[in-house]
Number of protein chains: 2
Amino acid sequence: MATGREIAQLCGVSVATVSRVFNQPETVNEETRERVLRVAKELGYQPNESARALSTKQSTMIGLVWDTDHRRPDWRHPYLQDLLIGLKSALSAHGYHLLMLATSGDAREIGASLADPVGYVNMTRRHHLGGLVLIDSGSDAEAFEAFAQSGVPCVAVDVAVDGPKATYVTSDNVSGALSAVRHLVSLGHSRIATITGPVGNQPSDARVSGYRKGLQEAGLPFRDEYVVSGDFYRASGNAATQRLLALDEPPTAVFAASDEMAVGALLAARAAGLRVPQDLALVGFDDIEIASVVDPALTTVAQDKPGFGVAAAKAIMAMITGGGREQPVVLPTRLVVRNSCGS
Amino acid sequence: MATGREIAQLCGVSVATVSRVFNQPETVNEETRERVLRVAKELGYQPNESARALSTKQSTMIGLVWDTDHRRPDWRHPYLQDLLIGLKSALSAHGYHLLMLATSGDAREIGASLADPVGYVNMTRRHHLGGLVLIDSGSDAEAFEAFAQSGVPCVAVDVAVDGPKATYVTSDNVSGALSAVRHLVSLGHSRIATITGPVGNQPSDARVSGYRKGLQEAGLPFRDEYVVSGDFYRASGNAATQRLLALDEPPTAVFAASDEMAVGALLAARAAGLRVPQDLALVGFDDIEIASVVDPALTTVAQDKPGFGVAAAKAIMAMITGGGREQPVVLPTRLVVRNSCGS
DNA sequence: AGGGTCTATGTAACCGCTTACGGTGGAAAC
DNA sequence: GTTTCCACCGTAAGCGGTTACATAGACCCT
């Protein structure tokens, strides 16, 4: 590994000049600059990031908080990969890397899990991370508040947080839900139920507002018994649907706040001997992969999943370079009409 | 941020002693050790990883090579999340973190993509990474050879590579495929076709061997026209199935080398007016999420997906601490019987 | 000619930790 | 009573960069 010193010697300049060539090129004479660059290339010079980080107190990495040893280890994030794709590509553009922080069992006894956000914050300092991206892999959104308050720049994905250097990216959940209900209404449905996420969860609550708005718009009554809450995962959608179908006047259409729950609803409907969409119309939310492969294919409100990653990366970078808090980012949704509504 | 020096001063010892407390505790007197530890805790001391890496030339990170700006940006890894879960948890146990390397657009013009493996290798040196985990996100397995030859410790997931410090983890594909065929045979099928991955791809080739073995075992003839190759992705499974169904004597059962292709096959069968499993039995490979949600649910050969991650992490750690090359790891598979075979 | 400016570069301190080497004191060995 | 050894700890030299400050020369102006 060639070092800056070697380049300096070969070029007959000082290490300071070599450093300047890479960090403030404009301050060094064009001729020397090119000489240094040429030699650097010949030697295959790679700046030592540890040294750089040590002296600048800034690494080119941002941390990813994604807790996997969760209460329910079988839980999966519905679209982690898309998120990562977006994150990574946007971060790359700034020369930044994503560090997936270890969550436990650190040999030096310094743990890091959502139960102990301090652990992550410590890691952030140890590695001089520029900030943290928070990905919710369950319903422990509350824990994110601790991060937001810690002072390290962080942006949460699809979870509303607030703090001195914290922000979040989310979809326009209200209008997404609204478009779903409008679609259902346009197909003639008037008994439209919804399966929500955990109460208190921001995106879920917003989707409920959108749902209410849609009913209002259509002049339909809001019925408490048509709103049943789940946890975004499949089983809860199944259970919720069973409850809905047991109602005296069961709904003819269901808007689920996630595709996973919509699939659960589909299964429940099938188990109850109902045909989808003839007997029960279904709309989901997310547009994850399985939405297009279940039968009937799911009509759903698509989120810009890689867009989340891109927006998160941009927000983090803005906070790093800018300093202050960033505005939350709200991404548009798009209704994807498939077969589960019989349109 | 408290530094080692501060602790040293407060404890009336030298920084060397503080360092020893954390790195070679047995060489320091118990009393002083505890004093240092106590003060360190009070100050919330976090060792500076950059400084440590700088002086030891070893970070506690390993790199992840997962190329996303691929020729086909819409491609997704079928079970990335499970892989990451396994990787992360096993790495955590050693106090290591996973660094997702940027793939392009580095501000300093030092790119890294599979087209330029050198870029990744450079990153490895810059950050003093312990090694690289290679994840195949397409069919560019060939590119992995360059990594394997580069001398940096690396382990590939489900791609056979070889090099001075390279190894890989894979499933026992032969017996996995064998169990699939046996299952089909046991159900009375004698016209069994297979849809393979890319020819030359190691796991795919192994699955073909397992397939042949299964036919032999059952005394069934091997027919060239019953072997058609795909690329592991859905569309290719669909196309392959169309070809199979167009045969004079079409198969009554198909073993697809991936679930995605099996789903493609399912769609093709449905489009051709065939019922699954009555008219065509289907077995997949992987046991990804959609396998259980398609209708009929897919019988498939399950791979230990988080196990890949765990094994990869262990292999990397072994290479880092041990030095030499590790043996490839072969994980067992498990036949998951669902409804696509009508058993 | 002397002073002021500006550009290009060198000098050296510093970032925080690790570690080879050496020193000290007391116990054990002779 | 030396010598030897060992446990414990301090000194100081790195690791490879960054950057404040100093310096040297070129150029311009009065």
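Chain A is the first sequence line, chain B the second, and so forth, proteins listed ahead of strands; every chain is numbered from 1.
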Separation of [X] atom [atom1] from [N] atom [atom2], in whole Å?
X      : N      : atom1 : atom2 : answer
B/H128 : D/dG17 : NE2   : P     : 9 Å
A/R33  : C/dT9  : CZ    : P     : 10 Å
B/N48  : D/dC15 : CG    : P     : 18 Å
B/R126 : D/dG16 : CZ    : P     : 15 Å
B/Q24  : C/dA20 : CD    : P     : 8 Å
A/Q46  : D/dC15 : CD    : P     : 19 Å
A/F22  : D/dG17 : CZ    : P     : 9 Å
A/N29  : C/dG10 : CG    : P     : 11 Å

Closest-nucleotide ordering on DNA chain D, the 5'-leading residue of A/S55 and B/V15: B/V15
Whichever of A/A51 and B/V13 has its nearest DNA chain D nucleotide further upstream toward 5': B/V13
I want to verify a distance call: between [options], whose nearest atom is closest to the [X] side chain?
X     : options                : value
A/K57 : C/dC15, C/dT9, D/dG17  : C/dC15
B/R20 : D/dG10, C/dA12, C/dC15 : D/dG10
A/T17 : C/dT18, C/dT9, D/dT18  : C/dT9
B/S19 : C/dA8, C/dG16, C/dT19  : C/dT19
A/N23 : C/dT18, D/dT19, D/dT18 : D/dT18
B/V28 : D/dG14, D/dC9, D/dG10  : D/dC9
A/R52 : D/dG17, D/dC9, D/dC15  : D/dG17

Atom CG of B/D136 and atom OH of B/Y168: how far apart are they, to the nearest 0.5 Å? 14.0 Å
Could you give the distance from CH2 (A/W66) to CG (A/L84), rounded to the nearest 0.5 Å? 7.5 Å
Evaluate salt bridge (Lys or Arg N to Asp or Glu O under 4.0 Å) for B/E31 paired with B/R35, printing each intermediate quantity in order. CA-CA 6 Å; B/E31 195 179 335; B/R35 190 151 33 104; 5.6 Å; no
Decide, yes or no, whether a salt bridge links A/R52 with A/E49 under the criterion of side-chain N to carboxylate O below 4.0 Å. yes
Quick one: label A/T56 by what it contacts on the DNA or RNA (base, sugar-phosphate, nothing), any heavy atom closer than 4.0 Å. sugar-phosphate
Could you walk me through whether A/V39 and A/E6 pass the side-chain contact (heavy atoms from CB on, under 4.5 Å) check? CA-CA 10 Å; A/V39 174; A/E6 297 179 41; over 6 Å; no
Which residue, B/A16 or B/S50, contacts DNA chain C at a nucleotide closer to its 5' end, judged by nearest heavy atom? B/S50
Check: A/I135 and A/L64 side chains under 4.5 Å, non-hydrogen atoms: yes
Whether A/T32 contacts C/dT9 is assessed here as follows: a side-chain N or O lying under 4.0 Å from the phosphate OP1 or OP2. Is that the case? yes
Can you check whether B/S14 has a side-chain N or O nearer than 4.0 Å to OP1 or OP2 of D/dG10? yes
